[in-house]
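All of these numbers come straight from a predicted model, not from anything done at the bench. Computed from heavy atoms alone, side chains included, the values below leave out hydrogens, waters and symmetry copies.
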Amino acid sequence: MTEFILVPGAFTDAHVWEETAARLGAAGAGAHAVTLGGEAGADLEAHVADVLRAIDGVAPGDDIVLVGHDYGIHPVLGAADQRAGRIARIVYVEAGMPQDGVPALAAVPDQVLRDELAAGPGAGVLAAPAFDAEWQRWGSTAGIPADALERLTRRAVPQPLGTLLQPLRLTGAVYGVPTSGVLCNGNGAGIEMLQHLVNMGLPGLQALATPQASFFELATGHWPMLSVPAELADTLLAAAAGEGHRLIPATEELPVHLRPFLMDVPEVPREGTGHVDLYVSDGAAGPPPGRGVRARRPGPGRHRRHPARLADVPRVRPARG
C-alpha cells in the first residue's frame, strides 16, 4: 500500500490537505497530513521530529511517499535523510531545492521580507498573513476560491522564526531517494523554463536531469491543494507510480524546439567625436532616454578603439520549432 505523508508550508497546518487527502484515500491510498508544531521556541529540528513521528507510525512494508509544500520540504528532507530506507519517493510541491547548511529563510521569495527576518531578533514567531496581499508575499494565490482563501487566512498560524533561521542538516542519505517536482506555472516557471536552465549548464540543476527525478506542471498558483485539489491528488498518485516528465541532461541532443540559438543584437548607432561616442540611449539600464556618452581611448594597431559592450555579446534564447 502507498502511504502519503503530507507536510504543509509556512503558516498552515494539516487542514490545507483535507480535500487532497480525501481524494487520495478514495483512490485506495493512505494519506496522513502532518501539523507542524507552532510553539514560539520551535525550530527546524522540532519540525523534522514531527515528520519522523509520522514516518515511524506507518506500518512496515508500506511505500511511503513524503510530500512537502513550500517550507514543508525542509522538514521532509531532514526526516527523509534519517529514514532514507523507508521512503519510496519525495515530492516537492511548489518548493525550492534546500541544501545542507542552508536555512529555509533563503527560499523566502520576497527579498525585503528576507532582509527583515535576517535582521530581526531570531526568536519568537512571525505573524501569519492577515489578507490576500500579505499571502502574495509568499506565493501567488491564483486559482484559490474566495471561500478557501478566507478559510486559509482564518485558520493560519504564526510561523516560529527558528524554523526559518535554523540551517538544514543532511548527511547525504536522502540524495538516493527518487523525487518528483510539482511546478505551478501560475506562480512562476514551468517545466520548459526548468529545462532551459538545465540547458545552460548550471551545476546545481544537473542533478534534476536524471531518471529518478520526474516533474509535473499544474496551471494554478502556489497553493494547488486549495485551488486544484483533485488535480493535485491525481498528480501525487502518478508521481508515486514513477510517472512524470523527465528533463534532458545538458549533454544530450535536445529536440529542435528546445535548442538554444544565437540572436544577433542590433548595433546602436553612434557618432564618434574625439575620444567619445555619442549614441541614443534606450533607458533600459542607466540614464533616462536621450543622448548618452561613452569614453573611448586609443588602442594598439588603430587610431581609437571603444571598449567591449554588452551589446557585443551574443544573447541566447530558446529556438522555435
## Note on the structure
So CG of Asp13 and OG1 of Thr35: to nearest 0.5 Å the spacing works out to 4.5 Å
### Query
Any donor-acceptor pair under 3.5 Å linking the side chain of Glu217 with the backbone of Ile191?
yes
### Message
When you measure from the side chain of Gln166 to the backbone of Glu45, do you find a donor-acceptor pair of N or O atoms at a distance under 3.5 Å?
### Response
yes
### Message
Would you say Val157 ends up clustered with Ile144 if hydrophobic residues are merged whenever their side chains have heavy atoms under 4.5 Å apart, either directly or through other cluster members?
### Response
no
### Query
Should Ile87 and Val48 be counted in the same cluster of Ile, Leu, Val, Met, Phe, Trp and Tyr side chains packed under 4.5 Å apart?
yes
### Task
Please determine which of Val76, Ile5, Val34 meets the side-chain contact (heavy atoms from CB on, under 4.5 Å) test together with Ile55.
Ile5
### Query
Are Met97 and Phe216 connected in a single hydrophobic cluster, I mean Ile/Leu/Val/Met/Phe/Trp/Tyr linked by side-chain heavy atoms less than 4.5 Å apart?
no
### Task
Might you work through the side-chain contact (heavy atoms from CB on, under 4.5 Å) test for Val102 and Gln99, ending with a clear yes or no?
CA-CA 6 Å; Val102 179; Gln99 303 296 316; 4.1 Å; yes
### Message
For the backbone of Cys184 and the side chain of Glu94, can you confirm whether one donor and one acceptor N or O come within less than 3.5 Å of each other?
### Response
yes
### Query
What's the shortest heavy-atom distance between Ala104 and Thr163, and which atoms?
CB-O, 4.0 Å
### Query
Is Val7 close to Trp17 at the side-chain level, that is, under 4.5 Å between some pair of heavy atoms?
no
### Query
Hey, any chance Leu113 and Leu165 share a hydrophobic cluster, counting ILVMFWY side chains that come within less than 4.5 Å of each other, even indirectly?
yes
#### Entry: Rounded distance (nearest 0.5 Å) linking atom CZ of Arg23 with atom CG of Leu232
10.5 Å
### Query
Any luck finding a side-chain donor-acceptor pair between Arg89 and Ser180 under 3.5 Å?
yes
### Task
For Pro8 and Ala14, work out which heavy atoms get closest and say how close.
CG-N, 4.5 Å
### Task
Working to the nearest 0.5 Å, report the span between CG of Leu247 and CG of Leu208.
6.5 Å
## Note on the structure
Here the pair of heavy atoms bringing Ile73 nearest to Val91 is CD1-O, 4.0 Å
### Task
Considering non-hydrogen atoms only, spot the tightest contact between Ser214 and Arg246 and give its length.
CB-NH1, 3.4 Å
### Message
Between Asp43 and Pro160, is there a side-chain heavy-atom distance shorter than 4.5 Å?
### Response
no
### Task
Spell out, as yes or no, whether a donor-acceptor pair under 3.5 Å connects the side chain of Arg137 to the backbone of Pro129.
no
### Message
Parallel, tilted or perpendicular, judged at 30° and 60°: which one describes the rings of Trp223 and His69?
### Response
tilted
### Message
Please tell me whether Tyr92 and Leu170 are part of a single hydrophobic cluster in this structure, the criterion being side-chain heavy atoms less than 4.5 Å apart.
### Response
yes
#### Entry: Reported OG1-to-CG distance for the pair Thr220 and Leu183, which is rounded to 0.5 angstrom
13.0 Å
### Rounded distance (nearest 0.5 Å) linking atom CG of Leu77 with atom CZ of Arg169
14.5 Å
### Query
Is it true that a side-chain atom of Asp63 and a backbone atom of Ala88 form a donor plus acceptor pair closer than 3.5 Å?
no
### Query
For residues Asp81 and Thr171, is any side-chain donor paired with an opposing acceptor at under 3.5 Å?
yes
#### Entry: Reference residue Leu236; test side-chain contact (heavy atoms from CB on, under 4.5 Å); the match among Thr2, Val65, Leu24
Leu24
### Message
Does any part of the side chain of Thr153, heavy atoms only, come nearer than 4.5 Å to the side chain of Phe131, both counted from C-beta?
### Response
no
### Task
Might you point out which heavy atoms bring Ala128 and Ala156 nearest each other, and give the distance in Å?
CB-CB, 3.6 Å
### Query
Are Ser140 and Gln136 close enough that a side-chain donor and a side-chain acceptor fall under 3.5 Å?
no
### Task
Measure the spacing between CD of Gln206 and CE of Met200 and express it to the nearest 0.5 Å.
11.0 Å
#### Entry: For Pro75, the option from Leu36, Leu168, Asp50 that meets side-chain contact (heavy atoms from CB on, under 4.5 Å)
Leu36
#### Entry: Close side-chain approach of Thr12 and Arg155, heavy atoms under 4.5 Å
no
### Task
Would you indicate whether the side-chain heavy atoms of Phe215 and Val182 approach each other to under 4.5 Å?
no
### Summary
Heavy atoms of Ala80 and Val174 approach each other most closely as CB-CG2, 3.7 Å
### Message
Within the structure provided, determine whether Leu226 and Leu152 are in side-chain contact (heavy-atom separation under 4.5 Å).
### Response
yes
### Donor-acceptor contact below 3.5 Å, side chain Gln159 vs main chain Val125
no
#### Entry: Ala107: partners by side-chain contact (heavy atoms from CB on, under 4.5 Å), with sequence neighbours left out
His74
### Query
Does a side-chain heavy-atom distance below 4.5 Å link Leu52 with Arg83?
yes
### Query
Got Val177 and Gln212 here, is their nearest side-chain heavy-atom distance under 4.5 Å?
no
### Query
Are the aromatic ring centres of His47 and Tyr71 under 6.0 angstrom apart?
yes
### Query
Do Asp132 and Thr141 have a side chain donor and acceptor closer than 3.5 Å?
yes
### Task
May I ask you to decide if Val108's main-chain N or O and Arg114's side chain share a donor-acceptor pair within less than 3.5 Å?
yes
### Task
Give the C-alpha distance, both sets of side-chain angles, the deciding distance and a yes or no for side-chain contact (heavy atoms from CB on, under 4.5 Å) between Ile248 and Val198.
CA-CA 8 Å; Ile248 302 172; Val198 170; over 6 Å; no
